[in-house]
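Everything below concerns the one structure shown next.
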Amino acid sequence: MDAGKNNQSTRGSWGSRIGFILAAAGSAIGLGSIWKFPYMVAKNGGGIFLVLFLIISATLGVALMTAEMTIGSLAQRGAVGAYERLGGKRWKIIGYLSVFCAFILLSFYSVVGGWTIAYFFKFMQGSLATSNAKELTHIFETFVANPVEPLFYHALFMAATACVIIAGIQKGIERGCKYLMTMLFLLVLVLIGRVMTLPGAINGIVLFLQPDFSKVTSAMLIDVTGLAFFSMSIGMAIMIAYGSYAGKDIPIHRTALNVVCLTVGISFLCGLMILPAITVFGIDPQAGPGLTFISMPAIFEQMAGGTFFGLLFFFLLFIAALSSSVSLLEPVTGFFVDEYNTSRTKTTIIVSILMFIVGIGASLSFGIWKDYTLFGKNLFDLLDFSSSNLMMPVSAIAASLLVGWKIWPVFAKRLAGNGNPLWLRLMKPFFRYIAPAVIAIILFQGLQ
Ligand code: PFF
């Protein structure tokens, strides 16, 4: 992405297809797979949620990621410019919506990003050395309810994100991610191995894999769709920006498929790591956003070298979160720089401070602002719901309609040249009718 930004005149500047995949996977793989997916699965009754997540990822996920990347590649512009160039002036609004959504999302994402830093330090101090679920729940709840401590880490996370943007080292982060994400993947495998050998782990696997159809409600459907979009960074126009640096020789649909597979694969493994842990240690499956932070220390406590693995895990989680948060800050900063010609450094600082301020409310909603709710949701949940479950689906509908109705011939040509393979023929009605209708139905059902 960095390369592209620095070379506006020579867009199409991913050094290689693997660079493109890494950047997109860096954005996609983050807290969504490791923190959000496991607690959503636990909250929504396990297996059936997983099945629906897989179906939505394989259909809407792959199709919409392909659509967004192709829109970017055809327009050679970021979100706002791409919608305008391909759709006309009125479509610009979808670009604005994406920028606004990125702003909202990062303001609460950074709060959780801060927790990863805090837990790294807690491991260092040895204050998490217990596998008692009650104690770990108490430690987590006391920490997040504290009105000051999490804000300090939220500020640290936001500052780290801003530093990456200001120093222009996104590319470095992406390259580093190749090794760090491989390490994270291996570590997750080791942790799965450890947790599986604990007595009672099988119950967690059953919970994870066995579908319970009675759990399917409209609220759950909107949760699973929102999570799929959140995890794959879809509906945020970020994949449009990444696609805008993709040259003509890059096969976009295969790239999108790779990124979706990587993200879903990591989510699945994280489920296999966390759900058995909650049954083994008797952790409440409804623990919500605390689930990863409560269950992981319990696993480390049961391992030789647990402190080392704990430090490594939270460090890698921080890096995964950082590579996603950078992809969220960049388009917001880029928007002001492009539209209003502001200084990049100053804009990054101001936008980060504003995100920090909005995030304060999200952080306090785990403590002293817990009881302030709107539509039954505290501020953290409201920011999460409005961005993942409302704005991202709306923007995904727009991308789908743009591809299906406005730019189909160029879209089809970009993907398959002069050929007309079956998968492409199927995609046309999918983008025109099926995807917008399915997302719209889920959206409206979920709002009732
Ligand atoms: N996909 C990221 C994650 O799962 O942590 C979060 C995210 C990044 C969402 C970028 C949306 C986005 F545009």
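We count ligands from 1, going down the list as the structure has it; atoms in each ligand are counted the same way.
- Looking only at heavy atoms of the protein, atom 1 (N) of ligand 1 is closest to Phe230 O, 2.7 Å.
- Using cut-offs of 30° and 60° on the angle between ring planes, the pair Trp408 and Phe411 is tilted.
- Residue Gly32 has at least one nitrogen or oxygen atom sitting less than 3.5 Å from a nitrogen or oxygen atom of ligand 1, judged on distance alone.
- When side chains are defined from C-beta on, Val403 does not count as touching Thr70, because their heavy atoms never get closer than 4.5 Å.
- Ring-plane geometry between Phe315 and Phe318 is classed as tilted, the angle between the planes lying from 30 to 60 degrees on a 0 to 90 degree scale.
- Against a heavy-atom cut-off of under 4.0 Å, Ser327 is close to the following atoms of ligand 1: 10 (C).
- The neighbour count for Phe185 CZ, taken as heavy atoms of other residues, nucleotides or ligands under 6.0 Å away, does not exceed 12.
- In summary, the atoms of ligand 1 found under 4.0 Å from a heavy atom of Met236, numbered by their order in the structure, are 11 (C), 12 (C), 13 (F).
- Side-chain atoms of Thr333 come within 3.5 Å of backbone N or O of Leu329 as a donor-acceptor pair.
- Scanning the protein heavy atoms around atom 8 (C) of ligand 1, the nearest turns out to be Ser233 OG, 3.3 Å.
- Within a 6.0 Å sphere centred on CD1 of Ile93, heavy atoms belonging to other residues, nucleotides or ligands number 12 at most.
- Taking atom 2 (C) of ligand 1 as the reference point, the nearest protein heavy-atom neighbour is Ser27 O, 3.2 Å.
- At least one N or O atom of Leu31, backbone or side chain, sits closer than 3.5 Å to an N or O atom of ligand 1.
- By the 30° and 60° cut-offs, the orientation of the rings of Phe380 relative to Trp115 is parallel.
- Polar contact check, Tyr109 against ligand 1: a nitrogen or oxygen pair lies under 3.5 Å apart.
- Considering backbone and side-chain N/O atoms, Leu328 never comes within less than 3.5 Å of an N/O atom of ligand 1.
- Among protein heavy atoms, the minimum distance from atom 13 (F) of ligand 1 is reached at Ile238 CD1, 2.6 Å.
- Distances between N or O atoms of Ala28 and those of ligand 1 include at least one value under 3.5 Å.
- The aromatic rings of Phe293 and Phe140 lie parallel to each other, their planes meeting at an angle below 30°, with 60° marking the opposite boundary.
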